[in-house]
Each structure stands twice: as structure tokens, then as C-alpha cells.
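Accompanying notes for the structure given below.
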2 protein chains.
Amino acid sequence: MKDSTREAIDGVLGVDRLVHEPARLAILTVLSQAEYAEFGFLELACRLSKGNLSSHLSKLEAGGLVSIEKRFVGKRPQTRAAITPAGREALQRYRKQLAALLGAATEQNGGETP
Amino acid sequence: MKDSTREAIDGVLGVDRLVHEPARLAILTVLSQAEYAEFGFLELACRLSKGNLSSHLSKLEAGGLVSIEKRFVGKRPQTRAAITPAGREALQRYRKQLAALLGAATEQNGGETP
DNA sequence: GCAAACTAGTTTGCCGCGCAAACCTTATGC
DNA sequence: GCATAAGGTTTGCGCGGCAAACTAGTTTGC
């Protein structure tokens, strides 16, 4: 087994579950491309129901990966989310781990290679 | 929001959960690089306990992504796993989806881009 | 002015899943 | 003969994602 494969596997086994969840990965990806985003925008951008978006945002906030700001616009409440520096780092680390796995190309050896 | 980002998000939201799980991703990655692998080898290669390896292999088999062959070597049982064509396709598809996400580079725009 | 509908989220409940631990069976040492 | 190891499978539990229900306030229709 190649060293690069060994590292790729160790990487994927060590991914942050908070980041690894598809819905949250979508949220973090969107947030990484803008300074902030409103709840309604994320709802559309990530194709999530309000309920699920709300709970995922709460978890990301609890993990310190995003910050949530609530305010009023006119008489309506509005929630804004932004990625934190820790969130950026976590996403970066995740991307490296996944990139390593994708780099583990599909090479054919005979049976296993102990 | 850029088209490539839109596609990346749709991709990640649509990943096959059977493949997305880190332990199974490790198993599939190892299997994709050899014709087959023995249980004991996978245990070491994927750093999984026998119990967890067993249950993950069962799920992969149930999903048709790997095939399991049981036989006896002397008087001891031995289990061999191999990735199936469907498994290769699923892994391939997964890789494309993740690659799209990694490709969604971290570009800074001002706030959101509706 | 009041009900119905809409906006903007949060909370609740279920069920499916990953993981650790217990268990089983057949060898191999001591 | 009794512990230990190889080669797994099964069981139990606790967390977690998702859909659905709920809350709270606002706007619209009549």
C-alpha cells in the first residue's frame, strides 16, 4: 500500500464530523464565498428547509465555525450568518483531507499489497 | 453565486450516504486499488475494529458496492472483499461530486450575491 | 377590525446509524 | 486443561439528521 494512500485514509478517518455533513458542508461553502449570508438566502442556496437550516446553523455556531447575528429589518427579524476564522480553518483542513483522498488514484495492483 | 458553486452544492447534497461515511470511504478506496482484500488486511489498512469492519462490509454488500467471499483456509474461516463494478461507479461519482466542491474555490465577494 | 395567510424562524419526535462491547468458534501455547 | 489469539458476528446505546409541528409577529382581504 502506497504512503499517499495511507495518508489519505488517515485523513478521511479523521475528518471533522461537524464539517463532513453534506448540508453543513454546503452552508460552509456558501459562507466561505461571502462575508455573510441571510437565513433566507442560505435556505435557497443550500436547498434546505427552514427547520433543518436552523438546526444545522445552531450546531455550526455551537462548534464555533459560524457566527450568528440577529437583528431587525423594519419590523421583521432577520438572521445573518458568517463563517468564523475557525470555520475557515476547519473547512480548509477538511478540503485538504478530501483532496488527499481524491488524489489516491485508482491504480490496479494484483490482489492486496501487504 | 457562481454556476460552479451551484453545481458543487447540488453535488454534495446528493452524495450517496453509503459512500460518504469515512470508514466505508476508506474501505472502498483500499478495495479500488486491489482486486480483493482479506478481512485482516482491511482491519489494519482502515484502522477499524473487527466489529465495525464487519458491519460496514455488510452494509456495502447490501448496497451492492462490494462482494464478499467466504471460504476456509485450512480450518479457519477467511473473508475476502472486492469492489463491484457498481461500487467503482459509486466511488467514481462520489469523487466527482467532492472534486466539484473542492474546486469551489474560496473567493471573497462582498456580502451575499443573490 | 378581525380572520386568514404569510414571513421568519425554533422545537419536537422519530428512526436510522455508527461505535464499542459482548459474544461465538476454532486453533495454539504453556 | 486453561488461557490467549485469530477471525469474525451480534447486541445495545446514544447521538444525529430530517420532517413535521409549533411559535411569534406581520400583512392582506373584506
Side-chain angles (χ1 to χ4, degrees), chain A residues 9-10 12-28 30-31 36-63 65-82 90 112 114, chain B residues 9-10 12-28 30-31 36-63 65-82 90 112 114:
Chain A
I9 289 179
D10 286 344
V12 78
L13 291 176
V15 296
D16 184 346
R17 297 284 190 156
L18 193 56
V19 178
H20 190 58
E21 172 64 27
R24 288 192 294 259
L25 213 32
I27 294 171
L28 289 173
V30 170
L31 290 182
Y36 61 86
E38 294 173 10
F39 191 98
F41 177 75
L42 283 174
E43 204 181 331
L44 295 173
C46 302
R47 304 196 197 285
L48 290 169
S49 68
K50 295 177 193 305
N52 293 340
L53 176 55
S54 176
S55 75
H56 283 305
L57 280 179
S58 295
K59 289 182 185 188
L60 287 170
E61 187 186 21
L65 305 192
V66 313
S67 63
I68 304 291
E69 186 198 351
K70 287 168 194 293
R71 52 176 212 167
F72 277 85
V73 172
K75 297 183 174 181
R76 292 177 175 289
Q78 190 188 64
T79 300
R80 278 187 173 179
E112 62 192 33
Chain B
I9 289 179
D10 286 345
V12 77
L13 291 176
V15 295
D16 184 346
R17 296 284 190 156
L18 193 56
V19 178
H20 190 58
E21 172 64 26
R24 290 190 294 259
L25 212 32
I27 294 171
L28 289 173
V30 169
L31 290 181
Y36 62 86
E38 294 174 8
F39 191 98
F41 176 75
L42 283 175
E43 205 182 332
L44 296 174
C46 303
R47 305 197 196 284
L48 290 169
S49 68
K50 295 177 194 305
N52 292 340
L53 176 54
S54 176
S55 77
H56 283 305
L57 281 179
S58 295
K59 289 181 184 184
L60 287 170
E61 187 186 20
L65 305 192
V66 313
S67 62
I68 305 290
E69 187 200 349
K70 288 169 193 294
R71 52 176 213 166
F72 276 86
V73 173
K75 296 182 174 181
R76 294 175 173 289
Q78 190 188 62
T79 300
R80 278 187 172 179
E112 61 193 29

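Per chain, numbering begins at 1; letters A, B, ... match sequence-line order. All values below were derived from every heavy atom in this structure, side-chain atoms included, with hydrogens, water molecules and symmetry-related copies excluded. Note that the structure is predicted; figures quoted are calculated from it, not measured.
Dashed line: the shortest gap from a side-chain N or O of A/Lys70 to OP1 or OP2 of C/dT10 is under 4.0 Å. A/Arg17 has no side-chain polar atom (N or O) that falls below the 4.0 Å cut-off from OP1 or OP2 of D/dC15. One finds a side-chain N or O of B/Thr79 lying less than 4.0 angstrom from the OP1 or OP2 phosphate oxygen of D/dG8.
Atom CG of B/Leu42 and atom P of D/dG8 are 10 Å apart (whole Å). The nearest whole Å value for the distance from the CZ atom in A/Phe72 to the P atom in D/dT26 is 8 Å. The nearest whole Å value for the distance from the CG atom in B/Asn52 to the C1' atom in D/dT11 is 13 Å. Across the protein-nucleic acid pair, B/Glu21 atom CD and D/dG17 atom C1' stand 13 Å apart, rounded to whole Å. When the P atom of D/dG7 is taken as reference, atom NZ of B/Lys50 falls 7 Å away, rounded to whole Å. Rounded to an integer number of Å, the gap from A/Glu43 CD to C/dG9 P is 9 Å. Rounded to an integer number of Å, the gap from NZ of A/Lys59 to C1' of D/dC15 is 8 Å. C/dA21 atom P lies 15 Å from atom CG of B/Leu48, rounded to whole Å.
The two residues A/Phe41 and A/Ala37 come nearest to each other via the heavy atoms CD2-CB, 3.8 Å. When all heavy atoms of B/Leu13 and A/Cys46 are compared, the pair lying nearest together is CD1-O, 3.1 Å.
Counting heavy atoms from C-beta on, the side chains of B/Leu60 and B/Leu31 never come closer than 4.5 Å.
A 3.5 Å limit on both hydrogen-bonding distances identifies D/dC22 as the Watson-Crick or G-U partner of C/dG9.
Not one N or O on the side chain of A/Ser54 forms a donor-acceptor pair closer than 3.5 Å with the backbone of A/Lys50.
Nearest-nucleotide positions on DNA chain D for A/His56 and B/Ser55 put B/Ser55 closer to the 5' end. Judged by closest nucleotide on DNA chain D, B/Gly40 is the one of A/Pro77 and B/Gly40 placed further toward the 5' end.
Of the candidates C/dT10, D/dC18, D/dG17, the closest approach to any side-chain atom of A/Phe39 belongs to C/dT10.
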Inset, instruction - Run the numbers on B/Ile27 and B/Leu48 for side-chain contact (heavy atoms from CB on, under 4.5 Å), then give the verdict. - result: CA-CA 10 Å; B/Ile27 294 171; B/Leu48 290 169; 4.0 Å; yes
